[in-house]
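First the structure, in the form of structure tokens, and then the observations on it.
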Amino acid sequence: MNDNFVNEFFGIGIQNGKTPENLGVLWRTAQNLGASFIFTIGNRYAKQACDTHNAVKSMPYFHYENFDEFCNNLPKGARIVGVELDEIAQDLETFHHPRRCVYLLGAEDHGLSKEAIEKSHFLVKFKSELSLNVSVAGSIIMYDRNLSKPRS
Ligand SMILES: C[S@@+](CC[C@H](N)C(=O)[O-])C[C@H]1O[C@@H](n2cnc3c(N)ncnc32)[C@H](O)[C@@H]1O
């Protein structure tokens, strides 16, 4: 195991995801890029054909009814990293990912809720003209985490 990745973990999920296909793609990427768990807030996941590696049966999947429930059940010491194309967000290129964190992506139509943006410990974005598909955005974040970058 790469020593850089000792004593750390991450989870990734979506707040009020609308499209089960997007979740299936995100879960498959999460399983293959080192996530420890996946989650949904609000809308629940229904199994999709595009989750061809059956990630949802291979790693813990948590569901939270709302944002408060999510916050109250965070793993101890984990930081919330909101992922949103927002002017107050930090640039991914220079972002130091926390050792232990959960990445929270927004809904396909409305993005992250105001509450989620305000309560995230960090907010991160990457350059794109318009916002990307949510599962593509999650894949970019996980790929970047796996680069040998300093942690916060
Ligand atoms: C299709 S986008 C949401 C678009 C929504 N209509 C809006 O403007 O807020 C779905 C999610 O993908 C993620 N996303 C897409 N592009 C992004 C970017 N350039 N930087 C950070 N997150 C991005 C965010 O989590 C976003 O909530």
Side-chain angles (χ1 to χ4, degrees), residues 8-53 55-56 59-75 78-152:
E8 63 172 63
F9 64 80
F10 74 92
I12 189 161
I14 303 186
Q15 181 182 37
N16 287 323
K18 296 282 180 301
T19 321
E21 289 81 1
N22 279 340
L23 289 171
V25 171
L26 184 69
W27 297 165
R28 177 177 167 179
T29 310
Q31 181 188 17
N32 286 288
L33 293 186
S36 298
F37 62 93
I38 52 182
F39 64 90
T40 46
I41 304 174
N43 298 337
R44 205 176 276 273
Y45 172 68
K47 168 138 179 60
Q48 278 302 308
C50 45
D51 178 14
T52 48
H53 297 183
V56 80
M59 60 199 309
Y61 163 48
F62 299 100
H63 176 72
Y64 309 102
E65 290 301 326
N66 51 49
F67 188 74
D68 274 351
E69 193 181 307
F70 164 70
C71 288
N72 292 337
N73 290 285
L74 279 180
R79 313 299 278 167
I80 303 173
V81 179
V83 180
E84 194 55 82
L85 187 52
D86 188 291
E87 58 187 20
I88 65 164
Q90 302 179 52
D91 290 324
L92 182 61
E93 290 85 350
T94 50
F95 182 63
H96 293 180
H97 295 258
R99 284 190 176 279
R100 292 168 287 280
C101 70
V102 292
Y103 296 101
L104 178 58
L105 295 146
E108 291 87 334
D109 49 1
H110 299 305
L112 282 180
S113 67
K114 191 165 175 284
E115 181 183 29
I117 288 181
E118 285 171 358
K119 294 193 175 161
S120 289
H121 299 109
F122 302 93
L123 201 61
V124 69
K125 66 168 185 272
F126 49 84
K127 291 182 186 68
S128 59
E129 284 200 16
L130 299 174
S131 56
L132 300 190
N133 168 280
V134 65
S135 50
V136 172
S139 303
I140 289 171
I141 295 293
M142 288 185 274
Y143 176 82
D144 188 83
R145 183 185 174 91
N146 286 345
L147 300 176
S148 290
K149 294 171 75 179
R151 296 295 193 231
S152 67

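In what follows, every heavy atom counts, from backbone to side chain, and hydrogens, waters and symmetry copies are set aside. Keep in mind the model is a prediction, meaning the values are calculated, not measured. All ligand and atom numbering here is 1-based and tracks the order in the structure. Just so you know, residue 1 is the first one in the sequence shown, and it goes up from there.
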Starting from [atom], what is the nearest protein heavy atom, named by residue and atom, and what distance separates them?
atom: atom 20 (N) of ligand 1; value: F126 N, 3.3 Å
atom: atom 12 (O) of ligand 1; value: V134 CA, 3.6 Å
atom: atom 1 (C) of ligand 1; value: L132 O, 3.2 Å
atom: atom 11 (C) of ligand 1; value: G106 O, 3.6 Å
atom: atom 4 (C) of ligand 1; value: S131 OG, 3.3 Å
atom: atom 23 (C) of ligand 1; value: A137 CB, 3.9 Å

Quick one: does [X]'s side chain get under 4.5 Å of [Y]'s, heavy atoms only?
X: L104; Y: F67; result: yes
X: M59; Y: W27; result: no
X: L123; Y: I117; result: yes
X: H121; Y: P98; result: no
X: I140; Y: L132; result: yes
X: K125; Y: D86; result: no
X: Q15; Y: S113; result: yes

Side chain or backbone, does L130 bring an N or O within less than 3.5 Å of an N or O on ligand 1?
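By distance alone, the answer is no.
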Nitrogen or oxygen of V124 less than 3.5 angstrom from that of ligand 1
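No, no N or O pair falls under 3.5 Å.
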Considering the options L147, L92, V81, which one meets the side chain to side chain contact (heavy atoms under 4.5 Å, CB included) requirement together with H97?
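Running side chain to side chain contact (heavy atoms under 4.5 Å, CB included) over L147, L92, V81 with H97 returns exactly one hit, L92.
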Side chain, backbone, both or neither: the part of D109 lying under 4.0 Å from ligand 1 by heavy atom:
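For D109, only backbone atoms sit under 4.0 Å from ligand 1.
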On a heavy-atom basis, which atom in L33 and which in Y143 lie closest, and how many Å separate them?
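Scanning both residues completely, I find the closest heavy atoms to be CD1-N, 4.0 Å.
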Do you know which two heavy atoms are closest between S120 and I80, and how far apart they sit?
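Closest approach of S120 to I80, heavy atoms only: OG-CG2, 3.6 Å.
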Atoms of ligand 1 close to [X] [distance to a heavy atom under 4.0 angstrom, numbered from 1]:
X: A107; answer: 3 (C), 10 (C)
X: E108; answer: 1 (C), 3 (C), 4 (C)
X: L105; answer: 25 (O)

Nearest non-hydrogen atom to [atom] belongs to which of [options]?
atom: atom 19 (N) of ligand 1; options: S128, G17, A116, G111; result: S128
atom: atom 22 (N) of ligand 1; options: N22, V83, V136; result: V83
atom: atom 21 (C) of ligand 1; options: E129, K127, E84; result: E84

